Amino acid sequence: QLQLVESGGGLVQPGGSLRLSCVVSVVSGFTLDYYDIGWFRRAPGKEREGVSCISTGGLSTIYVDSAKGRFTIDRDNAKNTVYLQMNSLKPEDTAVYYCAASRWVGCPGGASGMDYWGKGTLVTVSS
């Protein structure tokens with residue numbers, strides 16, 4: 001069982017950057033090394049959207065088209081932390097961002113394959 005806590009959200013101007021962190025605490029069972037980790041977001045009035053995902057060893061990453069070239073996901077298993085570096089932020093990136101962990105299905109399963117979720121951190125991009 002895992003507990004995930006996101007941080008790093010806030011108010012930023014268009015074109016600015018933020019780095020989100022997802023700190024994972026292992027309550028029981030497998031360590032973070034065994035989990036794919038994804039970042040998702042829910043914008044006001046919109047459906048939840050997958051933003052990025054990283055495999056257990058960090059060798060495989062995926063991004064939603066709107067994030068390609070602007071966002072970078074990486075992980076430090078020794079620190080039990082997964083990061084989402086967001087550059088060139090746009091107002092349409094405004095959302096609550098969640099991290100989630102998948103033990104069995106992994107990144108290809110998307111949101112439905114995630115086993116544990118954090119409570120989210122709010123990102124607001126506005127001038």
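Nothing fancy with the numbering, it's 1 onward along the sequence. Because the structure is predicted, anything quoted here is derived from the model rather than measured.
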How close do [X] and [Y] get, heavy atom to heavy atom, and via which atoms?
| X | Y | value |
| --- | --- | --- |
| Val123 | Gly9 | CG2-CA, 4.1 Å |
| Leu32 | Val26 | N-CG2, 4.1 Å |
| Val12 | Gly16 | CG2-CA, 3.8 Å |
| Asp93 | Val125 | CB-CG2, 4.2 Å |
| Ser102 | Val105 | OG-N, 3.5 Å |
| Pro14 | Ser126 | CD-C, 3.6 Å |

In this structure, would [X] and [Y] fall into the same cluster of hydrophobic residues linked by side-chain contacts under 4.5 Å?
| X | Y | answer |
| --- | --- | --- |
| Tyr97 | Leu4 | yes |
| Tyr63 | Leu59 | no |
| Tyr98 | Ile37 | no |

Inset, instruction - Report the residue from Thr121, Leu122, Leu20, Val23 that forms a side-chain contact (heavy atoms from CB on, under 4.5 Å) with Glu6. - result: Thr121
Once you round to the nearest 0.5 Å, how far does [atom1] of [X] lie from [atom2] of [Y]?
| X | Y | atom1 | atom2 | value |
| --- | --- | --- | --- | --- |
| Trp39 | Cys22 | CH2 | SG | 5.0 Å |
| Thr124 | Gln13 | OG1 | CD | 13.0 Å |
| Leu2 | Phe30 | CG | CZ | 10.5 Å |
| Asn80 | Ser21 | CG | OG | 12.5 Å |
| Ser55 | Ile73 | OG | CD1 | 9.5 Å |
| Leu11 | Ser127 | CG | OG | 9.5 Å |

Non-neighbouring partners of [X] that pass side-chain hydrogen bond (donor to acceptor under 3.5 Å, both in side chains), sequence neighbours left out:
| X | result |
| --- | --- |
| Thr31 | Asp33 |
| Ser17 | Asn87 |
| Arg19 | none |

Inset, instruction - May I ask you to decide whether Asp65 forms a salt bridge with Lys68, counting only side-chain N to carboxylate O separations under 4.0 Å? - result: yes
Inset, instruction - Could you tell me which residues satisfy salt bridge (charged side-chain N to carboxylate O under 4.0 Å, His left out) with Arg42, sequence neighbours excluded, listed by chain and number? - result: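 Testing Arg42 for salt bridge (charged side-chain N to carboxylate O under 4.0 Å, His left out), a comparison that skips the adjacent residues, returns none.
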Inset, instruction - With sequence neighbours left out, write down each residue that passes salt bridge (charged side-chain N to carboxylate O under 4.0 Å, His left out) with Glu49, or none if nothing qualifies. - result: Arg41
Heavy-atom distance under 4.5 Å between the side chains of [X] and [Y], does that happen here?
| X | Y | result |
| --- | --- | --- |
| Ile54 | Asp36 | no |
| Tyr35 | Val24 | no |
| Arg75 | Asn77 | yes |
| Phe71 | Val64 | no |
| Asp76 | Tyr83 | yes |
| Val82 | Cys99 | no |

Which donor-acceptor pairs under 3.5 Å do side chains of residues 107-120 form with protein atoms, sequence neighbours excluded?
{"residue": "Ser112", "atom": "OG", "partner": "Gly109", "partner atom": "O", "Å": "3.0"}
{"residue": "Asp115", "atom": "OD2", "partner": "Arg103", "partner atom": "N", "Å": "2.7"}

Inset, instruction - Starting from the C-alpha separation in whole Å, work towards a yes-or-no answer on side chain to side chain contact (heavy atoms under 4.5 Å, CB included) for Thr72 and Leu84. - result: CA-CA 6 Å; Thr72 302; Leu84 184 68; over 6 Å; no
